[in-house]
Peer 1: 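Here you go, one structure.
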Protein chains: 2
Amino acid sequence: MTPVNLKSLAEQLHLSIATVSRALRDSHEVSEATKVRVRALATALNYEPNAYASSLRRNVSKTIGVVIPKVANHFFALAINGIEEAARQSGYHVLIYLTHDDYAREVAIVQHLKGGRVDGLLMSVASGTEDFAHIKSLKDTNLPIVFFDRVCAEVATAKVTTNDYESGYQATEHLIQSGCRTIAHLLISNNLSIGQFRQQGYLDALTAHGLPPDPDLVLNGVMDNEQNVVLIRELLQRRPDIDGIFASVERLAISAYHVCKELGRRIPEDIKIIGFSNLEAASLLDPPLSTITQPAYDIGREAAKILIRAVEKKKDILPSQSLVLNSELFQRRSTAAG
Amino acid sequence: MTPVNLKSLAEQLHLSIATVSRALRDSHEVSEATKVRVRALATALNYEPNAYASSLRRNVSKTIGVVIPKVANHFFALAINGIEEAARQSGYHVLIYLTHDDYAREVAIVQHLKGGRVDGLLMSVASGTEDFAHIKSLKDTNLPIVFFDRVCAEVATAKVTTNDYESGYQATEHLIQSGCRTIAHLLISNNLSIGQFRQQGYLDALTAHGLPPDPDLVLNGVMDNEQNVVLIRELLQRRPDIDGIFASVERLAISAYHVCKELGRRIPEDIKIIGFSNLEAASLLDPPLSTITQPAYDIGREAAKILIRAVEKKKDILPSQSLVLNSELFQRRSTAAG
DNA sequence: TTTATTTACGCAAACGTTTTCGGTAGGTGC
DNA sequence: GCACCTACCGAAAACGTTTGCGTAAATAAA
């Protein structure tokens with residue numbers, strides 16, 4: 001079976017390759033009559049242009065890369081959903097890379113992307129990343145980059161985030177207004193700005209309501225969930241006065257649930273819990289978990305839109321194009337006043 | 001800034017492009033001394049070969065496509081995780097396409113893939129797909145395809161699935177052994193074989209235990225969850241004797257939970273529920289949901305492995321390479337015998 | 001009629017890489 | 001001395017597409 005490409009089409013139509021190419025791209029330099037002829041044969045033979053030849057020649061791949069820590073996480077899954085939607089609408093393809101929060105993997109991936117495989121990059125940096133040289137070096141190749149959620153402050157480009165400070169403040173305030181006086185903050189400590197913003201919101205909400213911040217109530221979680229359960233258990237046993245928990249990370253809220261059940265602390269009667277989460281099933285938990293939910297889909301979609309717009313216009317992406325989309329507080333039974 | 005490609009490297013090294021290319025690919029036709037020189041400059045200048053030029057010339061893209069209905073679903077998210085892992089290990093890139101269970105989108109995506117953008121395809125077909133001509137036509141271009149989970153029986157290739165029939169049988173048997181006598185089956189009716197297998201397992205388990213199958217107990221759900229709640233409510237009100245529910249689809253189990261709470265049916269005292277689900281939070285639901293959980297990560301990884309192996313060896317994929325990975329039944333309180 | 005202008009198409013170069021084919025230099029065996 | 005081999009390297013074609021430029025004919029303007 002002969003390959004179906006511009007050459008074979010041209011031969012069958014007794015035209016030049018150039019004319020066939022132009023006809024298919026609807027150029028004004030070719031008559032309507034031949035356009036019709038060309039299109040007819042192309043669809044008849046199921047012609048599809050070779051993406052790599054086209055990309056090579058035009059130096060454009062119609063592909064964007066997405067580098068994220070993980071996909072088995074409802075936030076990132078929803079973000080990909082939004083990204084794919086925006087990409088599809090503009091005819092872009094989506095390459096996915098997972099760092100698993102591993103710095104070395106992130107570096108390797110970023111290095112690979114210098115090969116021109118993508119026209120632009122969406123990125124949520126790994127929590128283990130402390131040195132951003134690899135990202136800067138990629139940006140120096142003029143590859144447009146947009147960060148979302150886990151941004152890299154040191155690289156001057158657009159960032160799409162949620163209002164982490166305000167959300168941390170709101171969550172803490174919500175616990176206070178529900179009657180809590182001794183509020184713990186569970187977080188994963190790393191150098192990501194989002195964690196710091198949430199922590200600051202927590203602290204400011206406490207002081208604003210006359211509650212003195214206590215470092216003993218701030219628990220730095222780790223990667224391993226089993227270990228987190230141990231840490232949280234220790235905290236709750238050491239400080240039986242804790243009556244509220246603000247979890248900056250979904251799985252810390254889940255671990256807190258486990259510990260409370262194990263220790264016989266009733267939620268929300270003895271202790272109230274609120275957490276950042278995109279869990280669909282939050283309302284089905286026992287009890288339903290109050291959440292701060294990020295607009296993950298929108299974050300992904302808007303980030304992709306900014307990126308694609310820049311790629312198409314061949315214009316640099318400015319930090320001023322950054323977007324902050326508000327998270328939403330869903331009040332459920334785990335923080336019911338009582 | 002001059003581009004860093006083979007040409008520029010060759011000029012600086014006073015070598016030919018051919019030699020530089022061979023040196024970087026570690027050909028035996030170039031001396032060790034020059035290899036060292038070439039590699040040194042290449043790493044110094046951060047050279048990364050142009051992926052599209054390479055793909056065009058070698059007719060190989062080191063990229064696999066993944067076409068799935070959705071990503072905001074723990075099963076598919078885990079599957080992607082496995083796919084990415086296998087791909088990364090073999091140096092492959094992963095393109096993601098979402099059909100949203102829409103036939104037209106699936107056709108458009110498949111048509112696009114004829115452009116040679118991917119070396120192979122992993123696919124889980126959309127539930128709305130009834131005609132497989134587009135897939136067959138893609139396969140006719142000699143593109144290797146491996147189906148996973150939602151397979152297409154009409155295309156002769158490898159399929160990676162789970163033991164749907166046995167799982168349906170086990171789930172039903174588990175309900176019977178927990179004391180249920182009137183067991184409803186909630187499913188999404190479509191022409192996917194997995195649904196049919198599960199339904200058959202349900203029927204066979206009933207008859208094997210002397211319970212007469214009753215078509216009135218089989219509920220065909222729809223896409224819209226609100227509508228499903230209505231349907232389930234009608235069913236439970238029409239048949240107050242129902243004491244067990246087997247949900248073939250996660251969200252139907254969730255909807256059943258909602259209806260039970262609304263109608264005041266206690267789980268598991270009045271009615272027991274088990275469902276296919278990859279929900280992480282199943283154990284945190286109220287009450288914890290018994291599940292049949294598919295090995296999603298392994299399914300994705302094994303499917304990708306089969307595909308990549310075939311791509312590398314340039315050999316056809318045979319239906320005999322199909323794999324069946326067993327699901328696991330997690331018994332939780334929603335089916336506690338009482 | 002002559003001179004611009006437009007229309008419709010072909011030629012050929014380019015994108016960066018890989019690979020075939022060959023060529024040169026030096027060494028080895030006879 | 002000659003034939004032969006090996007080690008190393010370069011020239012150039014090829015992958016399929018896009019596009020600047022040229023050109024012939026047709027049309028419009030003068």
Side-chain angles (χ1 to χ4, degrees), chain A residues 1-39 41-42 45-63 91 112-119 141-142, chain B residues 1-39 41-42 45-63 112-119 141:
Chain A
M1 192 181 73
T2 66
V4 42
N5 49 25
L6 288 184
K7 193 172 168 188
S8 68
L9 289 180
E11 283 170 1
Q12 293 181 59
L13 291 163
H14 299 293
L15 286 171
S16 75
I17 294 176
T19 303
V20 177
S21 173
R22 278 192 272 250
L24 292 174
R25 313 195 110 255
D26 204 24
S27 159
H28 62 276
E29 289 194 71
V30 45
S31 73
E32 201 55 43
T34 43
K35 275 185 193 171
V36 171
R37 278 212 308 147
V38 172
R39 279 197 285 255
L41 187 64
L45 296 187
N46 239 307
Y47 168 75
E48 190 73 19
N50 183 294
Y52 295 111
S54 176
S55 297
L56 176 60
R57 174 59 222 242
R58 313 215 303 169
N59 201 25
V60 154
S61 64
K62 278 282 190 180
T63 304
H112 248 307
L113 291 176
K114 288 181 187 159
R117 197 176 278 271
V118 297
D119 295 340
T141 68
N142 284 324
Chain B
M1 191 180 72
T2 65
V4 42
N5 50 25
L6 288 184
K7 193 171 168 189
S8 69
L9 288 181
E11 283 170 1
Q12 293 181 60
L13 291 163
H14 299 292
L15 287 171
S16 74
I17 294 177
T19 303
V20 177
S21 173
R22 278 191 275 249
L24 292 174
R25 313 195 112 255
D26 204 25
S27 159
H28 62 275
E29 288 196 73
V30 44
S31 73
E32 201 54 43
T34 40
K35 275 185 194 172
V36 171
R37 277 212 309 145
V38 172
R39 279 196 285 253
L41 187 64
L45 296 187
N46 241 306
Y47 169 74
E48 190 73 20
N50 182 293
Y52 295 111
S54 175
S55 296
L56 175 61
R57 174 59 222 241
R58 312 216 302 169
N59 202 24
V60 154
S61 65
K62 279 281 192 179
T63 304
H112 249 307
L113 291 176
K114 287 180 188 161
R117 198 176 277 270
V118 297
D119 294 341
T141 67

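Everything numeric here is computed off the predicted structure, so don't read it as measured data.
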Peer 1: Is the backbone of A:N5 close enough, under 3.5 Å, to the side chain of A:S8 for a donor and an acceptor to pair up by distance?
Peer 2: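 Checked: pair present.
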Peer 1: Any side-chain heavy atom of B:V4 within less than 4.5 Å of one from B:N46?
Peer 2: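 The answer is no; the side chains never approach within 4.5 Å.
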Peer 1: Does D:dT18 have OP1 or OP2 under 4.0 Å away from a side-chain N or O of A:R25?
Peer 2: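 Yes, within the criterion.
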Peer 1: Which of residues 27-38 of chain B sit near DNA chain D, with a heavy atom under 4.0 Å from it?
Peer 2: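 Nucleic-acid contacts, sorted: B:E29, B:V30, B:S31, B:T34.
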Peer 1: If I take atom CG in residue B:D26 and atom P in nucleotide C:dT18, what distance separates them, rounded to the nearest angstrom?
Peer 2: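 The distance from CG of B:D26 to P of C:dT18 comes to 13 Å, rounded to the nearest Å.
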Peer 1: Would you mind reading off the distance between B:H14 atom NE2 and D:dG10 atom C1', rounded to a whole angstrom?
Peer 2: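 The answer, rounded to whole Å, is 16 Å.
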Peer 1: Using only side-chain N and O atoms of A:S21, determine if any of them is under 4.0 Å from OP1 or OP2 of D:dT17.
Peer 2: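 Checking A:S21 against D:dT17: no side-chain N or O falls below 4.0 Å of OP1 or OP2.
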Peer 1: Picking from D:dT18, C:dT18, C:dG10, which would you name as closest to the side chain of B:L6?
Peer 2: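 Nucleotide nearest to B:L6's side chain: C:dT18.
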Peer 1: Test your reading of the model: is there a side-chain donor-acceptor pair from A:S61 to the backbone of A:S55, 3.5 Å cut-off?
Peer 2: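 Answer holds: no.
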Peer 1: Please determine which of A:T19, A:L9, A:L15 meets the side-chain contact (heavy atoms from CB on, under 4.5 Å) test together with A:V38.
Peer 2: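 Single pass found, and it is A:L15.
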Peer 1: Please check if atom CG in B:N59 has more than 12 non-hydrogen atoms from other residues, nucleotides or ligands closer than 6.0 Å.
Peer 2: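 Open: at most 12 neighbouring heavy atoms sit under 6.0 Å from CG of B:N59.
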Peer 1: Of all residues at least two apart in sequence or in a different chain, which pass the side chain to side chain donor-acceptor pair (under 3.5 Å) check with B:T34?
Peer 2: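 With neighbours one apart ignored, the set is B:S31.
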Peer 1: Using whole Å, report how far CZ of B:R22 lies from P of D:dA7.
Peer 2: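 After rounding, the gap between these two atoms is 15 Å.
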Peer 1: I need the CG-C1' distance between B:L15 and D:dA11, as an integer number of Å.
Peer 2: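 Interatomic distance, CG of B:L15 to C1' of D:dA11: 14 Å.
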Peer 1: Would you confirm whether A:D119, through its side chain, and A:V60, through its main-chain N or O, come within 3.5 Å as a donor-acceptor pair?
Peer 2: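 No, the answer is negative, given that no donor and acceptor are paired below the 3.5 Å cut-off.
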Peer 1: Kindly say if B:S16 contacts the phosphate of D:dA11, meaning a side-chain N or O under 4.0 Å from OP1 or OP2.
Peer 2: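 So the side-chain polar atoms of B:S16 never come under 4.0 Å of the phosphate oxygens OP1 or OP2 of D:dA11.
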Peer 1: Which residues in residues 49-62 of chain B have at least one heavy atom lying under 4.0 Å from any atom of DNA chain D?
Peer 2: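 Heavy-atom contacts with DNA chain D come from B:L56, B:R57.
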Peer 1: Do the side chain of B:S21 and the main chain of B:I17 share a donor and acceptor less than 3.5 angstrom apart?
Peer 2: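 Side chain of B:S21 to backbone of B:I17: no pair is present.
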Peer 1: How many whole angstroms separate atom NZ of B:K7 from atom C1' of D:dG10?
Peer 2: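 The distance from NZ of B:K7 to C1' of D:dG10 comes to 16 Å, rounded to the nearest Å.
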Peer 1: What is the distance from CD1 of A:I17 to C1' of C:dA12, rounded to the nearest Å?
Peer 2: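 Roughly 11 Å, once rounded to whole Å.
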Peer 1: Report for the helix from C:dT1-D:dA30 to C:dC30-D:dG1: angle between first-end and last-end helix axes, five pairs each, rounded to 10 degrees.
Peer 2: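 Its terminal axes enclose an angle near 50°.
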Peer 1: Rounded to whole Å, please give me the gap between CZ in B:R117 and P in D:dT17.
Peer 2: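 Rounded to whole Å, this separation is 13 Å.
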Peer 1: Could you tell me which residues satisfy side chain to side chain donor-acceptor pair (under 3.5 Å) with B:K7, sequence neighbours excluded, listed by chain and number?
Peer 2: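 Listed in chain order: nothing, the list is empty.
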Peer 1: List the steps, then state whether side-chain contact (heavy atoms from CB on, under 4.5 Å) holds for A:Y47 with A:V20.
Peer 2: CA-CA 12 Å; A:Y47 168 75; A:V20 177; over 6 Å; no
Peer 1: Taking distance alone, no hydrogens or angles, what donor-acceptor pairs closer than 3.5 Å link side-chain atoms of residues 23-30 of chain A to residues at least two apart or in another chain?
Peer 2:
{"unit_1": "A:D26", "atom_1": "OD1", "unit_2": "A:K35", "atom_2": "NZ", "d": "3.0"}
{"unit_1": "A:S27", "atom_1": "OG", "unit_2": "A:E29", "atom_2": "N", "d": "2.9"}

